[in-house]
2 protein chains.
Amino acid sequence: MDDDQLKKHFEEIIALTNDEYEYIRSHFKRRIIKRKRYLLQAGDKVTNTFWVKKGLLVACYHDESGKEHVVQFAMENWWITDYPAYFSQGNATLSIESIEDCEVYALSFDDREKICKEFHKVEYFFRKKANSGYAALQRRMLSFLSDDIKGRYELLLKQYPALLQRVPKSIVASYLGVSRETLSRLH
Amino acid sequence: MDDDQLKKHFEEIIALTNDEYEYIRSHFKRRIIKRKRYLLQAGDKVTNTFWVKKGLLVACYHDESGKEHVVQFAMENWWITDYPAYFSQGNATLSIESIEDCEVYALSFDDREKICKEFHKVEYFFRKKANSGYAALQRRMLSFLSDDIKGRYELLLKQYPALLQRVPKSIVASYLGVSRETLSRLH
DNA sequence: GTTTTACTGTGATGTACATCACATCTTCAA
DNA sequence: TTGAAGATGTGATGTACATCACAGTAAAAC
């Protein structure tokens with residue numbers, strides 16, 4: 001069965017019987033997208049969050065001058081969406097684009113609330129995930145406030161060495177809040 | 001009863017009977033601290049998160065050169081701790097200091113897990129809070145990546161006008177990632 | 001296989017910001 | 001009430017970075 005990987009992902013935190021898992025699984029919709037395509041576009045209504053089975057995506061903001069700012073990456077076993085818009089049921093300010101061919105599983109907001117309501121342990125799973133995500137984002141914010149560019153890059157390299165092999169340096173630079181020329185000059 | 005305010009805070013999201021609330025309430029410990037004191041110091045084991053009933057606090061990081069970086073504010077009805085350390089049961093990298101005299105309610109990690117486990121709706125409450133916190137932090141990160149200093153300040157002013165009246169401008173500047181002189185020059 | 005596109009590194013230039021120093025006013029502590 | 005400490009604004013100076021331009025290499029598309 002090809003989605004043992006999603007079951008394993010849940011079971012990193014909670015125990016699930018096969019029946020429980022099949023029921024939860026039935027709320028996800030599989031999506032295949034090719035590289036350099038949109039999974040989500042700014043302005044779209046955001047109804048889904050996405051778990052990445054395979055591939056690599058980025059969430060970006062394009063400012064009024066068209067400049068692209070990378071807010072978030074997602075590789076295998078990560079979740080991605082425009083979270084502010086997803087939680088408030090609003091329209092996206094971010095776009096999500098594939099860097100590689102991807103296989104993702106979409107879970108709508110209503111379905112997520114439904115399975116959390118039906119299973120206390122699924123509620124627990126998503127609270128744990130949210131707490132971890134918040135801690136990681138707070139560490140990133142702290143690095144922005146206190147580290148110089150070299151320090152930020154080295155932290156990212158230490159945290160996600162495999163990720164950085166797969167992403168163009170111009171995208172890494174944008175995620176770090178610097179130009180690709182500046183990042184290039186660090187080496 | 002002087003902690004209707006904590007009950008009201010929970011009831012913004014979930015319904016609680018008086019007995020349920022009294023039981024939950026019994027897991028919190030009241031702390032009074034005077035202005036310019038530590039609630040948490042870097043290096044301390046982080047066992048508690050804090051809900052603010054009255055007053056104003058900041059969470060700061062001091063880098064190797066002693067420079068202070070403000071990571072988070074908390075005024076009434078906000079929660080604050082060193083989240084990465086709280087979730088991982090580790091030692092604080094942040095210090096939490098009072099800007100005004102404060103009354104806070106401490107909830108240990110173990111007690112929070114306990115009341116979440118015992119009440120599905122408390123689990124839901126904290127998942128909702130975590131989701132909101134993540135969305136707010138992602139918006140802040142995005143502002144850092146894409147707005148100039150003036151834009152960041154104006155966003156903060158629009159979001160929390162009352163907060164900015166209560167905080168020294170040097171602390172606001174640090175939270176925005178700029179020097180107090182630069183912030184002063186924006187006016 | 002060839003052409004086009006993407007990616008990366010480097011040089012030159014201008015500027016927004018940090019830093020340091022100082023002055024003034026307000027608030028706090030004794 | 002007085003002196004000390006804190007907060008804020010302003011001027012001067014130096015620099016790390018963005019931006020623009022260009023060149024070369026690798027990968028993708030046809």
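Letters A, B, ... are given to chains in the order of the sequence lines, protein chains preceding strands, and every chain is numbered from 1. In this text, all values refer to a predicted model and were calculated from it rather than measured experimentally.
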Separation of [X] atom [atom1] from [N] atom [atom2], in whole Å?
| X | N | atom1 | atom2 | value |
| --- | --- | --- | --- | --- |
| B/Tyr153 | D/dT8 | OH | P | 10 Å |
| A/Arg166 | C/dC7 | CZ | C1' | 18 Å |
| B/Arg37 | C/dC28 | CZ | P | 14 Å |
| A/Lys34 | D/dA28 | NZ | P | 13 Å |
| A/Ile171 | C/dA6 | CD1 | C1' | 11 Å |
| B/Leu164 | D/dA7 | CG | C1' | 16 Å |
| B/Arg35 | C/dA29 | CZ | P | 6 Å |
| B/Glu68 | D/dA7 | CD | P | 11 Å |

Nearest to the side chain of B/Ser184, which nucleotide is it out of C/dT8, C/dG9, D/dG9?
D/dG9
Proximity of A/Trp51 and A/Phe10 rings by center, below 6.0 Å
no
Would A/Glu181 and A/Arg185 pass as an ion pair if we require N to O under 4.0 Å?
no
Any salt bridge linking B/Lys117 with B/Glu113? Criterion: basic side-chain nitrogen under 4.0 Å from a carboxylate oxygen.
no
Tell me whether [X] forms a cation-pi arrangement with [Y], defined as NZ or CZ under 6.0 Å from the six-membered ring centre and within 45 degrees of its axis.
| X | Y | result |
| --- | --- | --- |
| B/Arg25 | B/Tyr105 | no |
| A/Arg166 | A/Tyr160 | no |
| B/Arg31 | B/Phe50 | no |

Residue set satisfying ring-ring contact (aromatic ring centres under 6.0 Å, His included) with A/His69, at least two apart, ordered chain then number -> none
Give the angle between the helix axes at the two ends of the helix from C/dG1-D/dC30 to C/dA30-D/dT1, taking five base pairs at each end and rounding to 10°.
60°
Is it true that B/Glu118 and B/Tyr23 share a donor-acceptor pair across their side chains at a distance under 3.5 Å?
yes
Once each nucleotide of nucleotides 11-24 of chain C is scored for protein heavy atoms under 4.0 Å, what B/S/- sequence comes out, 5' to 3'?
BB----SSBBB---
Polar side-chain atom of A/Ser132 near backbone of A/Lys128 as donor-acceptor pair, under 3.5 Å:
yes
